[in-house]
Amino acid sequence: MIKLASTKPFAQGGNRLCYVHPDDKSKVVKVRRPDFTLEDLRKKKGFPKSLKPLSSFDDNLEEFKVLSAFQKKYGEHVFKHISRCYGFEETDQGKGLILELVRDGNGLISYNIKQYLYEVGPTESFNVALDAFCNFWQETSLPSRNLLAHNVLVQQDDMQRVVRLVVIDGLGYSGFFPKSMLTASYFEKRAKKKISLLRQDVEKYIARAKRGEHPTEIGILLHRDAD
Ligand SMILES: Nc1ncnc2c1ncn2[C@@H]1O[C@H](COP(=O)(O)OP(=O)(O)O)[C@@H](O)[C@H]1O
Ligand SMILES: [Mg+2]
């Protein structure tokens, strides 16, 4: 049983808390936020989604299934741009999903795009990495929900050059029709749309940071696990 209660999460999203794995600094443990249960989430969704079983609202379970399916279908190379998943472990905060914890070359936990744009700005290496990521996403056309700037991480090397963008949330197909009814060209069009939304999100944060606005709290790191 992993003990998390006495440690501080390094980040929180809308649904989950993220902790550094106490036995392995290269892994993250994600647990459900105790102040926002699956029942709360189901209620918030309203009718007719509220008729679905509780397990269908569980991000950890959904992510585990999606990442396992991706590995089988697309192979190892998808882990260049999505975090690797190691399955579940019991914790004192409920079931925890264990994943690759993305860190920079200097050992600090990587920012997501939103925080990177506020803290560092749109550097040349960021723009190159964004183009490489978008090309990869279009080529593979991995099914995803909207790609949001706070769900894509910016990994820097020890010279602060951006070397990799990594999606850590919002993967999988969430459309209305069963996947088996859809063609490859459907997923290609869908990927194109998601890429253009991500680019819009990037532009939005660049403009906000320029105006000197402060970021909202979602996805802003609570600490970067510096020693
Ligand atoms: N594997 C990871 N490595 C580093 N940081 C991460 C990782 N996963 C999540 N984070 C950080 O934690 C934040 C919240 O995690 P996320 O999985 O998006 O939670 P939620 O499902 O609640 O939105 C992210 O915005 C990101 O900045
Ligand atoms: Mg998120």
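Remember, predicted model here, so these are calculated numbers, not experimental data.
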query: Should I109 and L101 be marked as a side chain to side chain contact (heavy atoms under 4.5 Å, CB included) after you check the CA-CA gap, both sets of side-chain angles, and the distance that decides it?
result: CA-CA 7 Å; I109 296 174; L101 173 48; 4.1 Å; yes
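- Judged by distance alone, the side chains of Q115 and E119 do bring a donor and an acceptor atom under 3.5 Å apart.
- Nearest heavy atom pair, residue A226 against residue L108, reads CB-CD2, 3.6 Å.
- Ion pair E100/R164 flagged as a salt bridge, since at least one NZ, NE, NH1 or NH2 atom sits closer than 4.0 Å to an Asp/Glu carboxylate oxygen.
- Looking at heavy atoms from C-beta onward, D201 lies in side-chain contact with K204 at the 4.5 angstrom threshold.
- With a 4.5 Å cut-off on side-chain heavy atoms, I113 and Y205 do not count as touching.
- Here I195 contributes atom CD1 and K192 contributes atom NZ; the two are 9.0 Å apart, rounded to the nearest 0.5 Å.
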task: Determine, step by step, whether L153 and L165 satisfy the side chain to side chain contact (heavy atoms under 4.5 Å, CB included) criterion, reporting the C-alpha distance in whole Å, the side-chain angles of both residues, the deciding distance to 0.1 Å, and the verdict.
output: CA-CA 5 Å; L153 302 181; L165 298 190; over 6 Å; no
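- A salt bridge links R224 with D104; the closest basic N to acidic carboxylate O contact falls under 4.0 Å.
- In this structure, the side chains of Y173 and S144 stay at 4.5 Å or more apart for every pair of heavy atoms.
- The shortest non-hydrogen separation linking V167 to L171 is CG1-CD2, 3.8 Å.
- Note that CD of Q71 and CZ of F79 are 4.0 Å apart. Values are rounded to the nearest 0.5 Å.
- Neither V31 nor L38 shares a network with the other; the hydrophobic side chains, linked directly or stepwise wherever heavy atoms of I, L, V, M, F, W or Y lie under 4.5 Å apart, form separate groups for each.
- The minimum heavy-atom distance between S125 and V162, with the atom names listed, is OG-N, 2.9 Å.
- To the nearest 0.5 Å, the span separating CG on L222 from CD on E217 amounts to 8.5 Å.
- Grouping the Ile, Leu, Val, Met, Phe, Trp and Tyr side chains by contacts below 4.5 angstrom, directly or via other members, places L221 with V152.
- Two residues are said to be in side-chain contact when any heavy atoms from C-beta on lie closer than 4.5 Å; Q156 and T123 fail this criterion.
- Nearest heavy-atom pair, V29 versus T91, reported as atom, atom and distance to 0.1 Å: CG1-CG2, 3.9 Å.
- S50 and K44 share no donor-acceptor pair across their side chains, judged by distance under 3.5 Å alone.
- Closest non-hydrogen pair, I218 versus G14, comes out as CD1-N, 3.8 Å.
- For the pair E76 and R84, the salt-bridge criterion is met [side-chain N within less than 4.0 Å of a carboxylate O].
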query: Should H214 and Y118 be marked as a side chain to side chain contact (heavy atoms under 4.5 Å, CB included) after you check the CA-CA gap, both sets of side-chain angles, and the distance that decides it?
result: CA-CA 8 Å; H214 289 290; Y118 276 103; over 6 Å; no
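- Contact check on R145 versus E62 returns a salt bridge, with a Lys/Arg side-chain nitrogen under 4.0 Å from an Asp/Glu carboxylate oxygen.
- A 4.5 Å side-chain heavy-atom check between L67 and I82 finds at least one atom pair inside the cut-off.
- Nearest heavy atom pair, residue L117 against residue V202, reads CD1-O, 3.7 Å.
- Ring planes of F126 and Y116: parallel class, angle under 30° (limits at 30 and 60°).
- Between K25 and D225 there is a salt bridge, with a side-chain nitrogen of the basic residue lying less than 4.0 Å from a carboxylate oxygen of the acidic one.
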- prompt: Can you check side chain to side chain contact (heavy atoms under 4.5 Å, CB included) on N151 and N146, steps first, answer last?
  reply: CA-CA 10 Å; N151 288 331; N146 289 347; over 6 Å; no
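- Within the 4.5 Å cutoff, side-chain heavy atoms of L4 are placed close to those of I2.
- No side-chain heavy atom of K8 sits under 4.5 Å from any side-chain heavy atom of Y19.
- When hydrophobic clusters are built by joining Ile, Leu, Val, Met, Phe, Trp and Tyr residues whose side-chain heavy atoms come closer than 4.5 Å, directly or via intermediates, Y74 is grouped together with F136.
- Here CG of L148 is found 8.5 Å from CG of L197. Values are rounded to the nearest 0.5 Å.
- The OG atom of S83 sits 12.0 Å away from the CD1 atom of I98 when rounded to the nearest 0.5 Å.
- No donor-acceptor pair closer than 3.5 Å links the side chain of D157 to the backbone N or O of V163.
- A donor-acceptor distance shorter than 3.5 angstrom exists from the side chain of R33 to the backbone of G13, with no hydrogens or angles considered.
- Around atom CE of M159, no more than 12 heavy atoms belonging to other residues, nucleotides or ligands sit under 6.0 Å away.
- Salt bridge present: R199 and D131 bring a charged side-chain N and a carboxylate O closer than 4.0 Å.
- A salt bridge links E63 with R16: the closest approach of a Lys/Arg side-chain nitrogen to an acidic carboxylate oxygen falls below 4.0 angstrom.
- K3 contributes no side-chain N or O that, together with a main-chain N or O of P22, makes up a donor-acceptor pair within less than 3.5 Å.
- In this structure, K45 forms no cation-pi arrangement with F57, as its terminal cationic atom is not both closer than 6.0 Å to the ring centre and no more than 45° off the ring axis.
- A distance below 6.0 Å separates the ring centres of F88 and F64.
- Checked against R32 for a side-chain contact (heavy atoms from CB on, under 4.5 Å), the options L17, N60, L41, L97 give a single hit: L41.
- Expressed to the nearest 0.5 Å, how far CG of N112 lies from CD1 of I220 amounts to 6.0 Å.
- Judged by distance alone, the side chains of S55 and D58 never bring a donor and an acceptor atom under 3.5 Å apart.
- Looking at E89, its side chain never comes within 3.5 Å of a backbone N or O of K95 through a donor-acceptor pair.
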